[in-house]
Amino acid sequence: MAKKITINIKRYDPETEQISIEEHTVQPRHDLTILDALNEINERENAGLSYRFSCRMGICGSCGAVVNGKPVLMCSTFCREFKTPISVEPMRNFPVIKDLVVDTDQAMDKFRDALPYTSFSQQKELKNIPQSPAQLEKIKQTSQCIKCMLCYSACPVYAVHPSFIGPAAAAAGYRYNEDNRDHLREKRMDSLSSKDGVWNCTFVGECSAVCPKSVDPAKAIQKLKIMGVLHSVKSLFKKKK
């Protein structure tokens, strides 16, 4: 019989404010994910573990956690990828509500600063705006974000400066800047180039390393810096006129 998998889970009780590490074991299977293991522990032991999940297919982005030091989606991370024991902790850089459940509201609020929507004139709202395959390709990669917030958990800048707009929101801003249907680019760049904007990024690249959808927010942020320079020069010439 194959050796059982040991999983050490970091728990937090909000009533007592006590932090503990609980050890559990599960039978190995080739297709056993971290999420499957937690579900099995809860069902078999009535452990009362708190964690989020929904689709179990790597789409909803709700089951983020830190497994052996790396932010991952538990539903698409297999136990076979790690040597036992496996450590499971809540995502970093967020207040912990209970066990593996964290409060991501502050990071999600950053998306408002990125203005992640398009704006049309009244005339253009009345007709379809065509988009070529090349124009679609420009925004396709950064459109894959599922708001899992793993990039914020991995970002060393957000850990020190919570006011930083952060990887996912910046990538969303870049996505709409590159959309041929959008008319908010100048206003968006005012926000993205502000003191809490993309210039705080030190290009460590951890956000792109942990992204489960290959959005590559680090690359998007560097492109936004170039856009920011051009935006500043353009704004300077406008003031001189």
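Start at 1 with the first residue, then count along the sequence.
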Please evaluate residues Arg188 and His231 with respect to the criterion side chain to side chain contact (heavy atoms under 4.5 Å, CB included), reporting the C-alpha separation (whole Å), side-chain torsions for both, the decisive distance (0.1 Å), and the verdict.
CA-CA 10 Å; Arg188 190 177 295 113; His231 174 71; over 6 Å; no
Report yes if some heavy atom in the side chain of Lys219 is under 4.5 Å from a heavy atom in the side chain of Thr142; otherwise report no.
no
Test your reading of the model: is there a side-chain donor-acceptor pair from Asn180 to the backbone of Pro130, 3.5 Å cut-off?
yes
Rounded distance [0.5 Å steps], CG in Leu100 versus CG in Leu38
6.5 Å
Do Gln135 side-chain atoms and Ser132 backbone N/O form a donor-acceptor pair below 3.5 Å?
yes
Linking I/L/V/M/F/W/Y whenever any side-chain heavy atoms sit under 4.5 Å apart, do Leu73 and Val210 land together?
yes
Would you mind reporting whether Phe164 and Cys155 have side-chain heavy atoms less than 4.5 Å apart?
yes
May I ask you to test the Ile5-Leu32 pair for a side-chain heavy-atom distance under 4.5 Å?
yes
Gln27 side chain vs Lys4 backbone, donor-acceptor pair below 3.5 Å
no
Does some side-chain heavy atom of Ile41 sit less than 4.5 Å from a side-chain heavy atom of Ile9?
yes
Can you run down the side chain to side chain donor-acceptor pair (under 3.5 Å) pairs that involve residues 85-102, sequence neighbours left out, and say none if there aren't any?
Arg11-Asp99, Asn68-Ser87
Heavy-atom pair with the smallest gap, counting every atom of Pro212 and Ile146:
CG-CD1, 4.4 Å
State the CE-CG distance between Met74 and Leu35, to the nearest 0.5 angstrom.
5.5 Å
Any pair counted as side chain to side chain donor-acceptor pair (under 3.5 Å), so long as it reaches residues 102-115, sequence neighbours left out:
Asp109-Arg112
Mind checking side-chain hydrogen bond (donor to acceptor under 3.5 Å, both in side chains) for Lys225 and listing every partner two or more places apart, or none if nothing turns up?
Gln222
Would Ile97 and Val102 satisfy side chain to side chain contact (heavy atoms under 4.5 Å, CB included), going step by step from the backbone distance to the final call?
CA-CA 5 Å; Ile97 297 174; Val102 298; 5.8 Å; no
About how many Å separate CZ of Arg29 and OG1 of Thr33, when rounded to the nearest 0.5 Å?
8.0 Å
Answer yes or no: is there a donor N or O on one side and an acceptor on the other, between the side chain of Ser208 and the main chain of Gly205, under 3.5 Å?
no
Heavy-atom count around Asp31 CG within 6.0 Å, excluding the residue itself: above 12?
yes
For a 4.5 angstrom cut-off between non-hydrogen side-chain atoms, does Ile86 reach Asn8?
no
Main-chain N/O of Asn39 paired to Asn42 side chain as donor or acceptor, under 3.5 Å:
no
Linked, directly or transitively: Val66 and Tyr51 (ILVMFWY side chains, under 4.5 Å)
no
Hydrophobic cluster identity match, Val101 and Val96, side-chain contacts under 4.5 Å
no
To the nearest 0.5 Å, tell me how far Asp36 CG sits from Phe78 CZ.
8.0 Å
Any heavy-atom pair between the side chains of Thr6 and His24 that's under 4.5 Å?
no
Residues in salt bridge (charged side-chain N to carboxylate O under 4.0 Å, His left out) contact with Glu81, at least two apart in sequence or another chain
none
Distance col, row Ser194:OG vs Asp196:CG, nearest 0.5 angstrom, shows 5.5 Å
Heavy atoms, side chains only, cut-off 4.5 Å: are Val88 and Lys10 in contact?
no
Transitively linked via ILVMFWY side-chain contacts under 4.5 Å: Tyr176 with Ile221?
no
Steps toward side chain to side chain contact (heavy atoms under 4.5 Å, CB included) verdict (Arg175, Gln141):
CA-CA 8 Å; Arg175 176 252 181 268; Gln141 184 177 19; over 6 Å; no
Can you confirm whether Met149 sits close enough to Phe94 that some side-chain heavy atom of one is under 4.5 Å from a side-chain heavy atom of the other?
yes
Residues 53-64 side chain polar contacts: donor-acceptor under 3.5 Å, at least two apart:
unit_1 : atom_1 : unit_2 : atom_2 : d
Ser62  : OG     : Ser54  : N      : 3.4

Going by the rule salt bridge (charged side-chain N to carboxylate O under 4.0 Å, His left out), which residues pair with Arg44 if we only count those two or more places apart in sequence or in a different chain?
Glu40
So CG of Asp179 and NZ of Lys138: to nearest 0.5 Å the spacing works out to 10.5 Å
Start with the C-alpha gap between Leu224 and Asn177, add the side-chain angles, then the distance that decides, and say whether side chain to side chain contact (heavy atoms under 4.5 Å, CB included) holds.
CA-CA 9 Å; Leu224 282 172; Asn177 272 2; 3.7 Å; yes
Check for a donor-acceptor pair, side chain of Asn200 on one end and backbone N or O of Lys195 on the other, with a separation under 3.5 Å.
yes
